[in-house]
2 protein chains.
Amino acid sequence: MARLSKKSEIVEQGLQLVLQQGFAQAGVQDITDAAGVPKGSFYNHFASKDAFGAEIVDVYFGRMRTMMADLLGDATRPPLARLEAYFDAIFAYARDKSGQGCMISTLCAEANGAADVLRDKLNGVLGEWRAPIAACIAEAQKRGDLAPAPDADTLARFVVDAWQGAMIRTKVSRDLEPLETFQRVVFGGVLVPLKRRSVRPPT
Amino acid sequence: MARLSKKSEIVEQGLQLVLQQGFAQAGVQDITDAAGVPKGSFYNHFASKDAFGAEIVDVYFGRMRTMMADLLGDATRPPLARLEAYFDAIFAYARDKSGQGCMISTLCAEANGAADVLRDKLNGVLGEWRAPIAACIAEAQKRGDLAPAPDADTLARFVVDAWQGAMIRTKVSRDLEPLETFQRVVFGGVLVPLKRRSVRPPT
DNA sequence: TGAAAAAGACCGAACGGTCATATTGCGCGC
DNA sequence: GCGCGCAATATGACCGTTCGGTCTTTTTCA
């Protein structure tokens with residue numbers, strides 16, 4: 001039987017549930033109910049709930065990876081345009097597909113109290129996420145599109161953190177305003193020249 | 001008995017515990033154990049765990065409020081210096097006091113699945129948090145220290161979101177690097193002039 | 001004397017996880 | 001091509017623990 005094992009069904013439904021409710025909040029029972037399988041099946045495929053968590057991070061990030069490769073790696077466009085296209089894409093993804101939220105930010109928020117295996121996985125994934133963004137920024141800096149001011153890696157860390165913060169707030173505001181704000185500020189101007197300008201007054 | 005009711009002890013220890021482990025993760029039993037009181041006492045003071053959550057948000061934000069009033073409202077200093085002083089202060093607070101994390105970001109992250117009373121409270125608190133920051137930014141814009149580009153409120157939303165995102169990542173990285181990155185980028189230059197510059201190449 | 005608080009035993013439900021059993025598809029000797 | 005055996009999966013009853021919350025009784029203080 002098993003039109004290819006029910007594992008994929010558990011992963012798919014579990015992904016949605018964790019996305020909506022958080023990892024701790026989504027019980028194993030809830031997940032297997034959503035997948036339409038008895039609870040026992042869960043432990044045929046996953047050693048523990050934590051192992052399941054690590055696996056859905058892989059699945060989820062696998063999908064992000066293809067989006068990143070497509071949009072951030074497109075050498076035919078200038079780096080900043082690629083960055084904007086990428087964030088447009090994950091914005092659209094958050095709007096249409098996931099109901100709602102970002103798996104990574106959701107799990108990061110619960111990192112305290114979570115198993116080390118999950119924390120380590122998240123650290124790795126965050127690095128993998130940041131790298132191509134930092135590469136785009138570095139390329140823009142080399143082209144002179146961007147000030148060399150904060151180095152590319154620092155800037156990439158900041159941007160990803162800001163995105164996650166916006167994602168977190170969507171859970172409270174229940175709309176996409178935080179993501180729109182992110183887009184507007186990051187790609188339309190920002191606090192930045194702040195310090196330098198205030199240091200040298202209009203004379 | 002009761003050197004002024006054990007409520008304050010429950011609130012104090014509960015605050016620390018929620019800060020460290022998250023709201024859902026910190027059980028009522030854990031909290032009363034930490035406070036050294038029997039579990040029954042908890043429900044003499046709080047109608048439910050959610051009501052307790054709303055109350056510790058008030059207590060926590062009350063402390064933030066005084067810090068905000070002191071540093072952001074100090075009319076003797078230029079607005080951008082006040083902003084930087086404020087973020088320096090909450091950085092130091094995160095480093096030294098809280099062990100570790102930010103109550104607001106922690107609870108926002110769990111907003112899905114949380115009671116509406118808590119979500120509403122968080123929305124209110126976020127607005128109250130943002131307002132004086134937006135006021136500082138607006139003042140800086142009026143003085144000409146800052147481009148009028150993204151309006152003050154939008155900028156304030158972004159900065160607060162970015163701070164929360166950094167706070168969230170400290171839970172994964174287990175160090176203060178995300179907060180340092182936030183400081184460096186926000187107060188040292190940023191992506192901002194990005195779009196405008198890339199649109200008009202060096203000719 | 002009465003209301004508030006302290007106290008701890010207690011509750012049903014849900015949690016993550018286990019286990020014994022039934023079922024299935026598949027490789028392999030024939 | 002066929003039957004057999006076996007490992008992987010399917011299944012649901014079951015386990016101990018912990019969850020948020022209740023109840024009753026005792027203590028305290030105004």
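Values in this document were obtained by computation on a predicted structure and should not be read as measured data. FYI, side chains are in, hydrogens and waters are out, and symmetry mates aren't considered; it's all heavy atoms of this structure. Per chain, numbering begins at 1; letters A, B, ... match sequence-line order.
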With a 4.0 Å limit, can you tell me whether B:His45 has a side-chain N or O closer than that to the phosphate oxygens OP1/OP2 of C:dA6? yes
Got a sec, which pairs hit side-chain hydrogen bond (donor to acceptor under 3.5 Å, both in side chains) with one end in residues 124-142 of chain A, sequence neighbours left out? A:Arg65-A:Glu128, A:Arg82-A:Glu139, A:Tyr86-A:Trp129
What's the CD1-C1' distance between A:Ile10 and D:dA10, to the nearest Å? 10 Å
In short, salt bridge (Lys or Arg N to Asp or Glu O under 4.0 Å) pairs touching residues 47-58 of chain A with sequence neighbours left out are A:Lys7-A:Glu55, A:Asp58-A:Lys121
Determine, for nucleotides 18-23 of chain D in 5'-to-3' order, which nucleotides have protein heavy atoms under 4.0 Å from the base (write B), from only the sugar-phosphate (write S), or from neither (write -). -SBBB-
N/O donor-acceptor pair under 3.5 Å between B:Asp175 side chain and B:Thr170 backbone: no
Can you tell me the distance, in whole Å, between the CZ atom of B:Phe46 and the P atom of C:dA4? 17 Å
Rounded interatomic separation in angstrom, taking CG from A:Asp33 and P from C:dA13: 16 Å
Would you kindly give the NZ-to-C1' distance between A:Lys6 and D:dT9, to the nearest whole Å? 10 Å
Is there a ring pair (Phe, Tyr, Trp, His ring centres under 6.0 Å) between A:Phe91 and A:Phe87? Walk through the geometry before answering. CA-CA 6 Å; A:Phe91 176 94; A:Phe87 279 102; over 10 Å; no
Examine distances only and state if a side-chain atom of A:Glu9 and a backbone atom of A:Ala35 form a donor-acceptor pair shorter than 3.5 Å. no
Under a 4.0 Å threshold between the charged nitrogen and the carboxylate oxygen, would A:Lys171 count as salt-bridged to B:Glu110? no
